[in-house]
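Structure, as structure tokens:
Computation of the quantities below employed the complete heavy-atom set of this structure, encompassing side-chain atoms and omitting hydrogens, waters and symmetry-equivalent molecules. Keep in mind that this is a model prediction, so the values were computed, not measured. Chain identifiers are assigned alphabetically (A, B, ...) following the order of the sequence lines, protein sequences preceding nucleic acid strands; residue numbering begins at 1 within each chain.
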2 protein chains.
Amino acid sequence: MGVPLYQAKAELFKTLGHPARIRILELLSERDHAVHELLEKISIEPSNLSQQLGVLRRTQLVTSNRSGGAVVYSIAVPEVRDLLLAGRQILGQLAAQQSQLSAELAGAQESTAD
Amino acid sequence: MGVPLYQAKAELFKTLGHPARIRILELLSERDHAVHELLEKISIEPSNLSQQLGVLRRTQLVTSNRSGGAVVYSIAVPEVRDLLLAGRQILGQLAAQQSQLSAELAGAQESTAD
DNA sequence: ACATGACTTGCGAAACTCTTCATCTCAAGT
DNA sequence: ACTTGAGATGAAGAGTTTCGCAAGTCATGT
């Protein structure tokens with residue numbers, strides 16, 4: 001099949017590795033959005049938004065269709081929601097470990113308090 | 001709280017956006033590995049491996065402890081497995097859509113064939 | 001036909017990432 | 001004390017990404 005699996009996977013994650021692209025996917029996983037709607041909710045230049053949409057389109061994570069004057073984007077692969085959720089989970093876990101660590105540092109002599 | 005959530009999320013995904021780092025996490029999610037064990041299974045230069053481990057360590061996804069001569073790495077956040085799994089899922093979905101597309105192109109006049 | 005709003009595309013400068021090389025630390029063996 | 005194997009770290013060059021600007025397309029209203 002050519003491309004090693006782990007490389008394809010790395011590329012998928014790299015695609016998600018940009019704040020604007022994350023926001024786009026989160027908004028689209030709620031409902032379809034026209035570009036100008038995304039533009040209202042994400043504060044970047046139109047051309048920048050368009051570039052990021054292009055990246056997501058090329059990796060087939062989203063699709064676009066023109067509806068009159070506007071171009072409407074949708075999530076192409078529903079499983080993206082799971083991925084975003086798993087990301088949120090990890091971030092939460094990481095934050096929890098951080099605060100546990102600082103609590104331990106603060107009350108260093110306490111034995112697994114309360 | 002400073003850093004916007006979507007930015008933290010982007011950074012998390014960016015961390016996973018590298019083939020060597022993906023392989024490391026997949027190996028570690030099976031079991032702990034010493035650096036020289038990882039080195040046998042992933043073919044990159046030792047110093048490169050060390051750099052990638054450094055990246056994972058800095059984002060707190062893995063932890064290391066020295067065991068005599070060797071340094072052993074472990075997954076710090078078990079939820080990483082879910083994230084990798086979700087990635088695999090999406091890749092599968094994407095591949096399925098690709099092959100469905102080419103099938104449709106091949107038998108263009110067939111109506112949702114066989 | 002022309003203007004307008006909604007997007008997209010090409011381009012270049014700045015910022016960032018990857019990989020390798022040389023150097024360094026740490027622990028165990030002699 | 002010296003050597004050796006196992007890793008980490010810093011720095012430099014190549015390569016890739018990102019962002020804003022200017023210019024371009026496409027459909028709708030006048």
Side-chain angles (χ1 to χ4, degrees), chain A residues 3-4 6-25 27-28 31-76, chain B residues 3-4 6-25 27-28 31-76:
Chain A
V3 187
Y6 56 84
Q7 175 135 9
K9 214 177 291 183
E11 236 131 82
L12 171 62
F13 285 120
K14 207 184 293 179
T15 302
L16 300 216
H18 186 291
R21 294 197 292 263
I22 289 284
R23 296 207 75 191
I24 293 168
L25 289 174
L27 289 169
L28 291 185
R31 61 168 181 80
D32 294 1
H33 282 72
V35 176
H36 67 267
E37 293 177 312
L38 293 172
L39 206 47
E40 278 168 22
K41 304 191 180 178
I42 309 175
S43 26
I44 55 179
E45 301 268 311
S47 71
N48 193 353
L49 177 56
S50 212
Q51 309 253 27
Q52 307 310 335
L53 286 170
V55 173
L56 293 173
R57 226 169 38 225
R58 254 166 262 130
T59 57
Q60 323 261 66
L61 292 176
V62 306
T63 55
S64 64
N65 23 19
R66 172 154 239 139
S67 162
V71 176
V72 176
Y73 278 81
S74 343
I75 292 272
Chain B
V3 187
Y6 54 84
Q7 176 137 8
K9 213 178 290 181
E11 237 131 81
L12 171 62
F13 285 120
K14 211 184 291 181
T15 302
L16 301 216
H18 187 289
R21 295 198 291 264
I22 289 285
R23 297 208 74 190
I24 293 168
L25 289 174
L27 289 168
L28 291 185
R31 62 170 180 77
D32 293 1
H33 282 73
V35 176
H36 64 89
E37 293 177 313
L38 292 172
L39 206 46
E40 278 167 21
K41 303 191 180 178
I42 307 176
S43 25
I44 56 177
E45 302 266 313
S47 72
N48 194 352
L49 177 56
S50 212
Q51 302 267 16
Q52 307 311 334
L53 286 170
V55 173
L56 293 173
R57 224 169 41 227
R58 256 166 260 131
T59 57
Q60 324 261 65
L61 292 175
V62 307
T63 55
S64 64
N65 21 19
R66 172 153 240 138
S67 163
V71 176
V72 176
Y73 277 82
S74 342
I75 291 272

For this session: Can you figure out which of D/dA8, C/dT9, D/dC26 approaches the side chain of A/S50 most closely?
Result: C/dT9
For this session: Check whether any side-chain nitrogen or oxygen of B/H18 sits under 4.0 Å from OP1 or OP2 of D/dT16, and answer yes or no.
Result: no
Seminar exercise, completed: Testing C/dT17, D/dT18, C/dT9 for proximity to the side chain of B/K14, the answer is C/dT17
Exercise. At under 4.0 Å between heavy atoms, what does A/Q51 touch on the DNA or RNA strands: base, sugar-phosphate, or nothing?
Worked result: base
Exercise. Among the nucleotides C/dT20, D/dA6, C/dC7, which one has an atom lying closest to any side-chain atom of B/E45?
Worked result: C/dT20
For this session: For C/dA6, take OP1 and OP2 only and decide whether either is under 4.0 Å from a side-chain N or O of A/Y73.
Result: no
Problem set entry | Per A/V71 side chain, nearest of listed nucleotides C/dC7, D/dG7, C/dT20 | C/dC7
Exercise. Does OP1 or OP2 of C/dA6 have a side-chain N or O of A/R66 closer than 4.0 Å?
Worked result: no
Problem set entry | Proximity to the side chain of B/S47 - top-ranked nucleotide from D/dA8, C/dC7, C/dC21 | C/dC21
For this session: Take atom CG of A/L56 and atom P of D/dT18, then tell me their distance rounded to the nearest Å.
Result: 11 Å
Exercise. Looking at B/R58, does any N or O in its side chain come under 4.0 Å of the phosphate oxygens OP1/OP2 on D/dA8?
Worked result: no
Seminar exercise, completed: Whole-Å distance, A/R57 CZ to C/dT8 C1', equals 8 Å
Exercise. A/N48 has a side chain; which of C/dC7, D/dG7, D/dG20 sits nearest to it?
Worked result: D/dG20
Problem set entry | 5' precedence on DNA chain D between B/S64 and A/R21 (nearest-nucleotide basis) | B/S64
